[in-house]
Amino acid sequence: MTPVELASAVRAAVRAAVDSGELSVQVPDDVKVERPKTREHGDYATSIALQLAKPAGRPPRQVAEAVATRLRHVEGVAAVDVAGPGFLNITLDSAAQGELARTIVTADSDYGRTSAMTGQKVNLEFVSANPTGPVHLGGTRWAAVGDALARILRAVGAEVTTEYYFNDHGAQIDRFARSLLARAAGEDIPADGYAGAYIDEIATQIVAAVPHVLELPRDEAQEVFRREGVDRMFAEIKRSLHEFGTDFDVFFHENSLHESGAVQRAVSMLRKQGHVFDKDGAVWLRTTDFGDDKDRVVIRSDGNPAYISGDLAYYLDKRERGFDRVIIMLGADHHGYIGRMMAMCECFGDKPGENLEILIGQLVNLVRDGQPLRMSKRAGTVITMEDLVDAVGVDAARYALIRSSADSQLDIDLDLWTRHTNDNPVFYVQYAHARIASLLRNAGDLGLDRGDLRPDLLVHDRESDLLGALGEFPRVVATAAELREPHRVARYLEALAGTYHRFYDACRVLPRGEEEVTDLHMARLWLVEATRVVLGNGLGLLGVTAPDRM
RNA sequence: GCGCCCGUAGCUCAGCGGAUAGAGCGACGGACUUCUAAUCCGUUGGUCGCAGGUUCGAGUCCUGCCGGGCGCGCCA
């Protein structure tokens, strides 16, 4: 029996109590059943009676009794106790509990998938780093967390398109081009330019690829450096993201919005709806109508579109492509954008928080020997994705970035994440998977086949703990999706790995030597295989490998 | 000044209103003739920043303060 099945059984028991007239209360849609911290409180517990006591106008323990009486008749439920102020502590039949191993092994890669967001089209935009330099640490956080979130949302049924918005338009690109040109010509980088080893590298490449570029008139040369430089930077960004395990469905070029007239179209649509006005020679969007602290210039008085104009057109484009939900992930240094973006959303007649959602990731620091790293060999000024990957590898980098809430600032201790010991959470989890793979290989060598499962044999405390942990997985994934918090999956996997290691320590799985193969050996093989499935599926949701050998 | 995020064990961090606040690391002490010891067991360790409030129940929700980070352009 899965926790979900049990939860609906509890809900049915509440309904039955209501139908019989014993309780007068609205039956809640969602009934929470959780694994209690101590096993003295049963296999599962629910506080539903405490929640219903007030609306029912009855003492909690009476409500609890009314539900318990009916729950006791449910098949697979061995005992229901009313405890403390009115908790229901539920103990399952060992067979009902052990059956979960079969459920998981049978579902295999589908275990953990649910349908909470089935039918929803979601556009998930993240990283979107400027093509004026390598992906920095902030972008890297989202490359890991955003990719994991995409996988998690797909696991709950959403149809997700991941997207990278490529800011290849505007003044910053000009600065980038001028910087390249300056370095190629052996001049100093302009004061407002970009510095770093990568600028020299790309400048050299362009000079090699376009031999006479430096003999062109300066504005023509700059255009060559712009085009070639952006192409090269873009290619490199894509490559490092790919090596990082994050591939996007769509790379969207800001420039296309300007060239296609999409920006003008978005502005005139908003003007038609009365949200646009002219002042001081500029075109403004009246975002203060929808809670922004000031109105925003959309087209500057010099006729050039302001940055936000691309965002207007881009948002509109996404909605016209049929996405119900547009999610954008930004660094904490851009949180000031939320107000105007949400106002823009309302200007289009949409619902902020529903059609448009903005997630903010706090800043990341790398730490070595207790000191924060400030400089990058590569970029000169910022730490890059490659710096992190070079230091700890892709799996550890992704995992380190994902396992903490994006709301928290994060210090990544490079020494810790390079250690191949149990200090390192990613190894702790991966090791559990490798250990299982090894065990299963040995089982194969012994010619063991799982055969029929005797679920009633999995009664050891450690087996029971493990089954309980495995049963939580779909709920954890669903919660991670709902709250947009992939770190929950990582934390769950750490707990599961620990539970497995403890099981492994206490319960011999394979027969020793000439020992006869028993049903218990087989049942444990089912359980081990189920654990492998969950660890593999979970790591898969994070984009972290699940190695068979370590 | 205004806005957002954070403040939980010595360190890094979990904890979508529930029972005795957890994990890893650190420190100390144990466990390999047998499935991977990258593991496990035990000990140590807490005014959940402070003060009020809501609630049967608050680390969790609300208000105010303190401390840290980030942001408040006709920049992108």
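Chain identifiers are assigned alphabetically (A, B, ...) following the order of the sequence lines, protein sequences preceding nucleic acid strands; residue numbering begins at 1 within each chain.
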Exercise for review: Quick one: label A/S404 by what it contacts on the DNA or RNA (base, sugar-phosphate, nothing), any heavy atom closer than 4.0 Å.
Suggested key: sugar-phosphate
Check your understanding: Going by heavy atoms in the side chains, are A/R35 and A/D43 under 4.5 Å from each other?
Key -> yes
Revision key, fill the gap. Paired to B/C72 by Watson-Crick or G-U wobble criteria (both distances under 3.5 Å) is B/G1
Check your understanding: Roughly how many Å is it from CZ in A/R508 to C1' in B/U36, rounded to a whole number?
Key -> 12 Å
Practice item. Determine yes or no for a side-chain-to-main-chain donor-acceptor pair under 3.5 angstrom, with A/H521 supplying the side chain and A/T518 the backbone. Key: yes
Check your understanding: Do A/R524 side-chain atoms and A/R508 backbone N/O form a donor-acceptor pair below 3.5 Å?
Key -> yes
Check your understanding: Quantified in whole Å, what is the C1' atom distance between nucleotide B/C70 and nucleotide B/G57?
Key -> 36 Å
Check your understanding: A/N89 near the nucleic acid: base, sugar-phosphate alone, or nothing, with a heavy-atom cut-off under 4.0 Å?
Key -> base
Review point. When you measure from the side chain of A/R488, which nucleotide among B/C13, B/G15, B/G18 comes out closest?
Key: B/G15
Practice item. Remember a base hit wins even if backbone is also touched, and classify A/A45 as base, sugar-phosphate or nothing at under 4.0 Å, heavy atoms. Key: base
Practice item. For B/A27, give its Watson-Crick or G-U wobble partner with both distances under 3.5 Å, or none. Key: B/U43
**Study point:** Counter-base of B/G17, judged by Watson-Crick or G-U geometry with both distances under 3.5 Å
**Key:** none
**Study point:** Watson-Crick or G-U wobble mate for B/G7, both contacts under 3.5 Å
**Key:** B/C66
Point to revise | Complementary nucleotide for B/A58 - Watson-Crick or wobble, under 3.5 Å | key: none
Exercise for review: For B/G46 versus B/C11, give the span between their C1' atoms, rounded off to a whole number of Å.
Suggested key: 14 Å
**Study point:** Sugar-phosphate only, base, or nothing, as touched by A/I173 at under 4.0 Å among non-hydrogen atoms
**Key:** nothing
Practice item. Tell me what A/D174 touches on the nucleic acid: a base, only sugar-phosphate, or nothing, going by heavy atoms under 4.0 Å. Key: nothing
Point to revise | B/C35 pairs with, by Watson-Crick or G-U criteria that keep both distances under 3.5 Å | key: none
Check your understanding: Considering only heavy atoms and no angle criterion, is a donor-acceptor pair shorter than 3.5 Å present between the side chain of A/R435 and the base of B/U36?
Key -> no
Check your understanding: Are OP1 or OP2 of B/C35 and a side-chain N or O of A/H521 less than 4.0 angstrom apart?
Key -> no
Review point. Does OP1 or OP2 of B/G69 have a side-chain N or O of A/S408 closer than 4.0 Å?
Key: no
Check your understanding: Expressed as a whole number of Å, how far does the P atom of B/G45 sit from that of B/G22?
Key -> 15 Å
Review point. Cationic tip of A/R435 within the cone over A/Y504's six-membered ring, i.e. under 6.0 Å and within 45° of the normal?
Key: yes
